[in-house]
2 protein chains.
Amino acid sequence: MKNNTYHHGDLKNALIQAGVEVLASEGVNALSLRKVAKRAGVSHSAPYAHFADKQALIAAIATEGHLYIFDAITAISGQYPEDPMRQLIETACAYLRFGLDEPDLFKITFAGMLEHERDHPSLVEMTQKNFILLRQLVVRCQAAGIFATGPDDLIAQNLWATVYGLISLLQGGQVSSALLDRFSPRQLLLFSLNQMTQIDIPFEE
Amino acid sequence: MKNNTYHHGDLKNALIQAGVEVLASEGVNALSLRKVAKRAGVSHSAPYAHFADKQALIAAIATEGHLYIFDAITAISGQYPEDPMRQLIETACAYLRFGLDEPDLFKITFAGMLEHERDHPSLVEMTQKNFILLRQLVVRCQAAGIFATGPDDLIAQNLWATVYGLISLLQGGQVSSALLDRFSPRQLLLFSLNQMTQIDIPFEE
DNA sequence: ACCTGAACACCGTTCAAGT
DNA sequence: ACCTGAACACCGTTCAAGT
């Protein structure tokens, strides 16, 4: 009941949430511990009671990002249980939407901004869970003849590199306007998928 | 002849060079105007005589990176004039080598770290020159049946996204060690190329 | 034209001290 | 256990002043 002086029980999560908000409103370059602390209503040194340093806060935010996409991808696979082609397309589009809607959270989550990622085990765990999801999707696609046979982790890696590369370039404004005039981001993504699959993927919905 | 007090004629390029050195030795997070100025032997405010702000220095360094790869790619195309498959492989590997040898210069050059890239016309010009090189390569590969017919800029874009995505993930330590134990970075790259081409690319030299 | 030094508002991080 | 405030070494940027 003593809620006047920010003993609000869960400063740690409040700081993570504040970080996500700063990313959304001001971008990754404006993400600072001091700003996050101020937004959570505590002094600039309070975060150090919950995070070893700025890298640890970034790791926690990245873990949040991975959790978000994990839930989204899991839902998709349940939604089209007998249609791996549709799962592939919708999964890729979920990543694309994440990248375009929340570019800076996407960067923190996937762009490898951490110096020593292995020092953050819960983040590593989430990245592996998401990679496993991708591998399972690849296996289902192989069974349907969408991907050729071969090591599923290798194909999943290549799928992710392709999707991630396109999203990063779209985010950074590195895609020529001549292309953007003719194709939507979604179409560019579908073209990429099409070029790496055995079966043609329709360009339109 | 008055070379005692750093009127050394070309502070601008000295600052760019100092920036490249800082990237190589301490990484992108340690790149600061003040450090670059100190390394060039001038006061912390001297850079402002040559660059509007830190973004402008970053843009100049990125331009340098684009020039470096432009020369490398151009040389390769001249080296195997009648072998587009070899040109494709060696071009992709040149990017890969750049990314692995100078990860932080590669990031500055290609990762879209600039807030307003269009404000730096000489950088935009170099990015376009490199993209044109890639398109010409794609056209030669299409003529040889390596890539399917289709818009060459779209295929070039997808090629670049695939190569860039893999390099970024390798840099960030985002490729599973299970994969790295079985495949070299070069093999991962060749596998990616293989999956997007019409003709099989041999995995070994 | 090119450079310096002081100044300002921001950082990350540490540490003694308070409850 | 959780938080504060002062302190330190760094930033980017501006501006008056020097040559």
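Here is the naming used below: chain letters follow the sequence lines, and residue numbers restart at 1 for every chain.
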Ring centres under 6.0 angstrom apart ([X], [Y]):
| X | Y | answer |
| --- | --- | --- |
| B/Y68 | B/F98 | yes |
| B/W160 | B/Y95 | yes |
| B/F110 | B/Y164 | no |

Is the closest side-chain donor-acceptor distance between B/E115 and A/N29 under 3.5 Å?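 A/N29 and B/E115 do have a side-chain donor-acceptor pair below 3.5 Å.
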
Going by distance alone, is a donor N or O of one side chain under 3.5 Å from an acceptor N or O of the other, for A/D152 and A/Q136?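 Their side chains do not contain a donor-acceptor pair, so the 3.5 Å distance test is not met.
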
Between P of C/dC2 and CG of B/D10, the distance in whole Å: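 The distance from CG of B/D10 to P of C/dC2 comes to 10 Å, rounded to the nearest Å.
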
For the pair made of NZ in A/K38 and P in D/dC3, what is the distance, rounded to whole Å?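 In whole Å, D/dC3 P lies 18 Å from A/K38 NZ.
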
Kindly compute the distance separating CG (B/L159) from CE (B/M196), expressed to the nearest 0.5 Å.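 B/L159 CG to B/M196 CE: 5.0 Å, rounded to 0.5 Å.
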
With respect to B/V20, which candidate in B/I108, B/I61, B/D104 satisfies the side-chain contact (heavy atoms from CB on, under 4.5 Å) definition?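 Exactly one pass, corresponding to B/I61.
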
Just the atom pairs and distances: protein N or O near nucleotides 10-12 of chain C's N or O, under 3.5 Å.
residue	atom	partner	partner atom	Å
C/dC11	OP1	A/S32	OG	3.4
C/dC11	O5'	A/S32	OG	3.3
C/dG12	OP1	A/L33	N	2.9
C/dG12	OP1	A/K54	NZ	3.4
C/dG12	OP2	A/L33	N	3.1
C/dG12	OP2	A/R34	N	3.2
C/dG12	N7	A/R34	NH1	2.6
C/dG12	O6	A/R34	NH1	2.8

A/H50 side chain N/O closer than 4.0 Å to the phosphate oxygens (OP1, OP2) of D/dA1?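 No, no such contact exists.
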
Give the stems involving DNA chain D, where a stem is 3 or more consecutive Watson-Crick or G-U wobble pairs (i with j, i+1 with j-1, and so on) under 3.5 Å.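 As far as DNA chain D goes, consecutive pairing (with distances under 3.5 Å) yields the stems C:4-8 with D:12-16, C:12-16 with D:4-8.
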
Does A/L31 offer a backbone N or O that forms a donor-acceptor pair with the side chain of A/K54 under 3.5 Å?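 Answer holds: yes.
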
